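Just so it is clear, the structure is predicted and the values come from calculations on it, not from any experiment. Any value given below was found using the heavy atoms of this structure, including those in side chains, with hydrogens, waters and symmetry copies removed.
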Amino acid sequence: MAVLAALGAMAVGAAGCTVQPAGTDGQGAPPVRIDVPSRTPDAPRPPASPSRTPEAPDKPSPPETPSPPAKPSARPTPARVLWSPGDEGRDIRELQARLRQIAWIFHGPTGTYDDLTAEAVRGFQGKRGLPRTGVTDTVTWQRLLAMTREPGRWELYLMGGQPADPPDPRCMTGRVLCISKSSRTLRWMIDGRTVSTMPVRFGSEYTPTREGVFQVYWKSRHHVSTLYDSPMPYAMFFSGGQAVHYSADFAARGYAGASHGCVNVRDEGAIARLYEQVRDGDKVVVHW
């Protein structure tokens, strides 16, 4: 019996499972695997190779060689160019007006960077020890700003070129010489359409140009003033002795002068064409 019990025990052990005690519900717990050692001991196994070769410890990076200090530039950064020959616009008018204030330029302002403007800039630069380039860079402009004042509106448009005001409502019908004192311009209009526009000049504080609605009552191509003994070519009279006419003084001096009450035009070609188109009886509106 002892032999049979021992064989039974070995059979149970060979199966590799054992019965767990019943749980509270009366059912046995699932079997648990138990490894049974072989009667012949296995040869000692070599230690398992590691799954990967361990990384060598990081070596300290060699110290970075500091970069040599930047060498100073052999040449200074050139000044930025602001305007050069061929440029146009309001900024060019201001440049010309400021040059005119210190007698480096006598024409204009025209708003166009022409040869006379470039020559004036070269002269200004040379006088101040700057490179005589004839172009206006930031250094030249700052020197000019320090020597001049902000030009007024009529300094910028001393010789004309200013934009015209919108036409007065009284100018929108018929044939009209529509004259604005605010923008100092004359519009020649037919049935609300502007045919041409030109700068004009008016009388002084003591001889003002009258405002209102008038008509052209007389045209005189080669008129000479009997009161002031001055030529009034292409005269178109609209109120007593006041007329729209060409003025050589306006052409030469611009808004630095004034008329004796007439409406002066400085562009002789423009007023010659206007004179041919205007008829006696056409309306004249002088307004602010």
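Distance check, rounded to the nearest 0.5 Å: SG of C171 to CH2 of W188 gives 11.0 Å. To the nearest 0.5 Å, the span separating CG on D91 from OG1 on T136 amounts to 10.5 Å. Here the CH2-CD distance, from W154 to Q162, works out to 4.5 Å after rounding to the nearest 0.5 Å. The line from CZ of R80 to CG of D137 is 10.0 Å long, rounded to the nearest 0.5 Å. Of the inter-residue distances, the one linking M159 atom CE with F250 atom CZ reads 7.0 Å to the nearest 0.5 angstrom. Rounded to the nearest 0.5 angstrom, R187 CZ and D168 CG are separated by 11.0 Å.
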### Query
Between M198 and D267, is a side-chain contact (heavy atoms from CB on, under 4.5 Å) present by the stated rule, with each step listed?
CA-CA 8 Å; M198 59 198 73; D267 186 334; 5.5 Å; no
### Task
Please test L144 against V121 for side-chain contact (heavy atoms from CB on, under 4.5 Å), starting from the C-alpha separation and ending with a verdict.
CA-CA 10 Å; L144 184 59; V121 171; over 6 Å; no
### Test log, rule side-chain contact (heavy atoms from CB on, under 4.5 Å), inputs E94 and W141
CA-CA 11 Å; E94 181 172 350; W141 181 238; 4.0 Å; yes
### Message
Show, in sequence, the C-alpha distance, side-chain angles and deciding distance for Q125 and T133, and conclude whether the side chain to side chain donor-acceptor pair (under 3.5 Å) test is met.
### Response
CA-CA 8 Å; Q125 291 169 328; T133 62; 3.3 Å; yes
### Chi angles and distances behind the side-chain contact (heavy atoms from CB on, under 4.5 Å) call for R210, F238
CA-CA 10 Å; R210 289 184 280 273; F238 62 87; 5.7 Å; no
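Residues P167 and M172 are in side-chain contact: their nearest non-hydrogen atoms beyond the backbone lie under 4.5 Å apart. Residues P233 and R221 have side chains in contact (heavy-atom distance under 4.5 Å, counting atoms from C-beta outward). Residues L227 and H260 form no side-chain contact, since every pair of their non-hydrogen atoms from C-beta on lies 4.5 Å or further apart. For the pair V200 and V244, the minimum side-chain heavy-atom distance is 4.5 Å or more.
Checked against a 6.0 Å centroid threshold, the rings of W83 and Y113 do not count as neighbours.
Counting only distance, with no hydrogens or angles, the side chain of S180 and the backbone of S183 share a donor-acceptor pair below 3.5 Å. Side-chain N or O atoms of Q242 include one that pairs as donor or acceptor with a backbone N or O of P208 at under 3.5 Å. Looking at T207, its side chain never comes within 3.5 Å of a backbone N or O of G203 through a donor-acceptor pair. The backbone N or O of V265 sits nowhere less than 3.5 Å from a side-chain atom of S247 that would complete a donor-acceptor pair. For R98 (side chain) and R149 (main-chain N/O), a donor-acceptor pair under 3.5 Å exists by modelled atom type.
Hydrophobic clustering, with ILVMFWY side chains joined whenever heavy atoms are under 4.5 angstrom apart, keeps L82 apart from V139. Put simply, F202 and V284 are part of the same group of oily side chains (I, L, V, M, F, W, Y) that touch within less than 4.5 Å, one to the next. In terms of hydrophobic clustering, with Ile, Leu, Val, Met, Phe, Trp and Tyr side chains grouped at heavy-atom distances under 4.5 Å, V286 and L186 are assigned to a common cluster. Cluster annotation: Y234 is connected to L274 through the hydrophobic network of ILVMFWY side chains, with a link wherever side-chain heavy atoms come within less than 4.5 Å. M236 and V195 fall within a single hydrophobic cluster, where Ile, Leu, Val, Met, Phe, Trp and Tyr side chains are chained together by heavy-atom contacts under 4.5 Å.
For R122, the side chain to side chain donor-acceptor pair (under 3.5 Å) partners at least two apart in sequence or on another chain are E119.
A cation-pi arrangement is absent between R184 and Y157 under the rule of less than 6.0 angstrom and at most 45 degrees off the ring axis. For R266 and Y246, the positive end is not near the middle of the six-membered ring at less than 6.0 Å and at most 45° from its axis.
A salt bridge (Lys or Arg N to Asp or Glu O under 4.0 Å) check over residues 274-288, counting only residues at least two apart or in different chains, returns the pairs R175-D282.
Shown here for A243 and M232, the closest heavy-atom pair between the two residues is CB-CE, 4.2 Å. Across Q96 and T112, no two heavy atoms sit closer than the pair NE2-O, 2.9 Å. Minimum interatomic distance between V216 and K219 (heavy atoms only, all atoms of both residues): CG1-CG, 4.1 Å. Between S182 and D165, the closest heavy-atom pair is CB-OD2, 3.0 Å. The minimum heavy-atom distance between R93 and G161, with the atom names listed, is NH2-CA, 3.7 Å. Nearest heavy atom pair, residue T209 against residue G261, reads OG1-O, 2.8 Å.
Relative orientation of the H223 and W218 rings is perpendicular, given thresholds of 30° and 60° on the angle between their planes.
Under 3.5 Å, the side chains of H107 and D114 contain a donor-acceptor pair of N or O atoms.
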